[in-house]
Amino acid sequence: MIALIDCNSFYASCEQVFRPDLIGKPVVVLSNNDGCVIAANSEAKALTQIPMFEPVFKIKDQLVKNGVTFFSSNYTLYGEMSDRVMRILKEFSPLVEIYSIDESFIDLSGMEYQDLRAYGIEMKERIFKYTGLPVGVGIAPTKVLAKLANRRAKKQKEHEHVYVIDSEAKRIETLQWAKIKDVWGIGKKHAQRIQETGRNSAFDFTQLPLSWVRKQMTVVGERTWRELNGESCLALERLPKPKKAIGTAKSFGKKLEKLALIEEACSYYINEVSEVLRNQNCCANYLQVFLQTNYHSERDKQYNNSITVTLEVPTNNTFILNAEGKKALHKIFKPGYRYKKVGVCLSGIVPKEYVQTTLFTTTDEKAGLMEAFDFINQKFGKTTLAPALMDTRKIKEWELIKEERSPRYTTQWKELLTIV
DNA sequence: TCTGGGGTCCTAGGACCC
DNA sequence: TCTGGGGTCCTAGGACCC
């Protein structure tokens, strides 16, 4: 058996833990630049029918009128709260697959004859007691069914956030209850294609011939079909897989026209992704840089371009990547546009030990430099050392807007919760 | 005025090899 | 008259996830 534990309205719940005055009140969390709604607690959902990813400017009046509290996203806080939850889950099973910031699959094999519902309730209660975060628990023989069980736990009040599929009758009942679009792995397009055949529930989907599923939905759809039918196809992953691509791209706080400012943002991103790459003990073969104007705007002239640089020797060296990134950016930059976003992406990722050098280059003589660089930044703070291009001395004109960010209660001494 | 960010996997088709 | 068979690698595009 497999359990799926996920946190209810995770970001909003994290904010409420440190703001008990908001318990029972509507709370939403906004995306970077306070652009869209990315999380809403049940009170907020009930009150205003807020569609996720709705641009904030369109609904701000409505939110204010209904007394909704909004927060800018505070990923430092959410990441650390997530760690706490995952650590508690490890007390319940030796095999925990962290699937996302707010959910994990855990292995319960060998426990089939225990009272799994009681075990699920114990998880839920212990997590709430230690972290203040509410979670839902779904337990079933396969991952896809565990996802559905979790959904049922959350949607049907009488289950009190824990639901176990431990019999054929419960499996069928749950499949009949679930809509096809609610199944994990079936998105908008496939749901539509399935509904066009006159099938609406997850159960109906399991009755479709496998040949049809395979043809329309590839092997991915076939696995979903089998998992729903009780055949496990998706194993739990003990270790996180190394990343195949590492990228970052963020919208600027305001539109930018000057190359120098875009260059600065680009170097920040390269600094970030190369650090992630080094933590994975890898090097990258390719560096992609892209640049975009605001495609929502009808008034602005549009321009999007990207360029992929093949590095002479795979590297994770911030300075080499920065120099290459700058050259690439100069190639695609065109003056006269109001730019919205710059992004970088490292790919062709290989383990450090496998790097193939050229005939005329020796292995990186300055390898120790990056180690020292990371060590110092870890000890004294993120950008204690940084490429000059980043110019960390001044206020960043391109920086994200986060007007309503809560304190980083759990990671910054200066931002600890104070009780008056 | 204002619209997020970071990923994965699969397939078809082209180009190429012997 | 009649033109094989078995592969690999790469990329773009589609679909999905949180």
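Values reported hereafter were calculated over all heavy atoms of this structure, with side chains retained and with hydrogens, waters and symmetry mates removed. Reminder, nothing fancy here: chain letters follow the sequence lines and each chain counts from 1.
- The shortest distance between the side-chain N/O atoms of A:N294 and the OP1/OP2 oxygens of B:dT3 is below 4.0 Å.
- An OP1 or OP2 oxygen of B:dT11 is reached within less than 4.0 angstrom by a side-chain nitrogen or oxygen of A:R214.
- Salt bridge annotation for A:E91-A:R126: present, with a cationic side-chain nitrogen under 4.0 angstrom from a carboxylate oxygen.
- Contact check, A:K341 against B:dG5: a side-chain N or O comes under 4.0 Å of OP1 or OP2.
- The side chain of A:K243 contributes no N or O atom lying less than 4.0 Å from OP1 or OP2 of B:dT8.
- Across A:E264, A:K334, A:H330, a single residue satisfies side chain to side chain contact (heavy atoms under 4.5 Å, CB included) together with A:L259, and that is A:H330.
- Residues A:E54 and A:K58 are not paired through a salt bridge, judged by the lack of any N-O separation under 4.0 Å between the basic side chain and the carboxylate.
- Salt bridge absent: A:D61 and A:K65 never bring a charged side-chain N and a carboxylate O closer than 4.0 Å.
- By the 4.0 Å N-to-carboxylate-O rule, A:R214 lies close enough to A:E222 to be salt-bridged with it.
- When the P atom of C:dT11 is taken as reference, atom CG of A:N285 falls 11 Å away, rounded to whole Å.
- Listed pair A:R223 / B:dC9 fails the phosphate criterion, with no side-chain N or O lying under 4.0 Å from OP1 or OP2.
- For B:dC2, the OP1/OP2 oxygens have a side-chain nitrogen or oxygen of A:K255 closer than 4.0 Å.
- In this model, the phosphate group of C:dC18 is approached by a side-chain N or O of A:K147 to a distance below 4.0 Å at OP1 or OP2.
- Straight-line distance from the CZ atom of A:R193 to the P atom of C:dC16: 8 Å, rounded to whole Å.
- Contact between the side-chain N/O atoms of A:S297 and the OP1/OP2 oxygens of B:dT3 is not found at any separation under 4.0 Å.
- Within the structure, a side-chain polar atom (N or O) of A:T248 is placed less than 4.0 Å from OP1 or OP2 of B:dG6.
- Using a 4.0 Å cut-off, no side-chain N or O of A:K254 falls inside it from OP1 or OP2 of B:dT1.
- Taking the C1' atoms as reference points, B:dG4 lies 15 Å from C:dC17, given to the whole Å.
- Taking only side-chain nitrogens and oxygens, A:K241 never comes nearer than 4.0 Å to OP1 or OP2 of B:dG7.
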